[in-house]
Amino acid sequence: DVKVTQSSRYLVKRTGEKVFLECVQDMDHENMFWYRQDPGLGLRLIYFSYDVKMKEKGDIPEGYSVSREKKERFSLILESASTNQTSMYLCASSLGLQPQHFGDGTRLSIL
Amino acid sequence: SQQGEEDPQALSIQEGENATMNCSYKTSINNLQWYRQNSGRGLVHLILIRSNEREKHSGRLRVTLDTSKKSSSLLITASRAADTASYFCATDPGAQKLVFGQGTRLTINP
């Protein structure tokens, strides 16, 4: 069965810290995505990647970067965390035009 | 760019009743998908309907798509307590990205 694993379910960091969120999928999917989910705003796309070492900006990339050194792993980086980045972060992967498979999310709090 | 809008934002019904959720979108699409999210978990794909299809069934789920009105509906028949979740529509305008609506929070009362 398809599995997308996010490294942490809950994470607490301080303002100004560099934060890494990790996502690993075991399906050999070429597409991977990072979203943030906030009440009343639904899911918003931060970055996505179609292949190793490739990345594309989504709708809200400011304050974030990503890394995809291996096909199965897609990392989201908060360069200098701020309180407005407190949110639920969801990773997803897909094969071609097939539906996306999601991890269980990381609830990140920035103090 | 939020494309999908869902209606209602919240829905509370009795177990055994049918639940209907609606989704509207703005631009042309290749397909429309529905996902479910249980509290504190990730999204799970339920059903995909292509732009040239009008209706699709999967178990107790029925999805319709009206491309002329840019709208879709999800019907869950004979609801169960386990159907309590948030439901999201997502449109595929191309380029393998999805644009999600804000979701409908469904509560099934025993």
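The sequence lines fix the lettering, A, B, ..., with proteins before strands; numbering per chain opens at 1. Since the model is a prediction, treat every value here as computed from it, not as a measurement.
For a residue to count as touching a neighbouring chain, one of its non-hydrogen atoms must lie under 4.5 Å from one of that chain's; by this rule A/Gln37 touches chain B with the side chain only.
Two residues are said to be in side-chain contact when any heavy atoms from C-beta on lie closer than 4.5 Å; B/Leu98 and A/Tyr35 meet this criterion.
Using non-hydrogen atoms only and a strict 4.5 Å limit, no part of residues 50-77 of chain B faces chain A. Using a 4.5 Å heavy-atom cut-off against chain A, the contacting residues of residues 32-49 of chain B are B/Gln33, B/Tyr35, B/Gln37, B/Gly40, B/Arg41, B/Gly42, B/Leu43, B/His45, B/Leu48.
When all heavy atoms are compared, the tightest approach of A/Tyr50 to B/Lys97 is OH-CG, 4.3 Å.
A/Leu45 and A/Tyr47 fall into different hydrophobic clusters, where Ile, Leu, Val, Met, Phe, Trp and Tyr are joined by side-chain heavy atoms under 4.5 Å apart, directly or via other members. When the side chains of ILVMFWY residues are joined at heavy-atom separations under 4.5 Å, either directly or via intervening members, A/Ile60 and A/Ile110 end up in a single hydrophobic cluster. By the criterion of side-chain heavy atoms lying less than 4.5 angstrom apart, applied directly or through intervening Ile, Leu, Val, Met, Phe, Trp or Tyr residues, A/Ile46 is grouped together with A/Leu21 in one hydrophobic cluster. Grouping the Ile, Leu, Val, Met, Phe, Trp and Tyr side chains by contacts below 4.5 angstrom, directly or via other members, places A/Phe33 with A/Met88. Both A/Met32 and A/Tyr89 are assigned to one and the same hydrophobic cluster, defined by single-linkage of ILVMFWY side chains at heavy-atom distances under 4.5 Å.
Summarising the local packing, CD of B/Gln9 is surrounded by 12 or fewer heavy atoms from other residues, nucleotides or ligands at distances under 6.0 Å.
Top candidate by heavy-atom pairs under 4.5 Å with chain B, chosen from A/Gly40, A/Ser94, A/Pro39, A/Cys91, is A/Gly40. The residue among A/Gly105, A/Gly58, A/Ala92, A/Gly96 with the most heavy atom pairs within less than 4.5 Å of chain B is A/Gly96.
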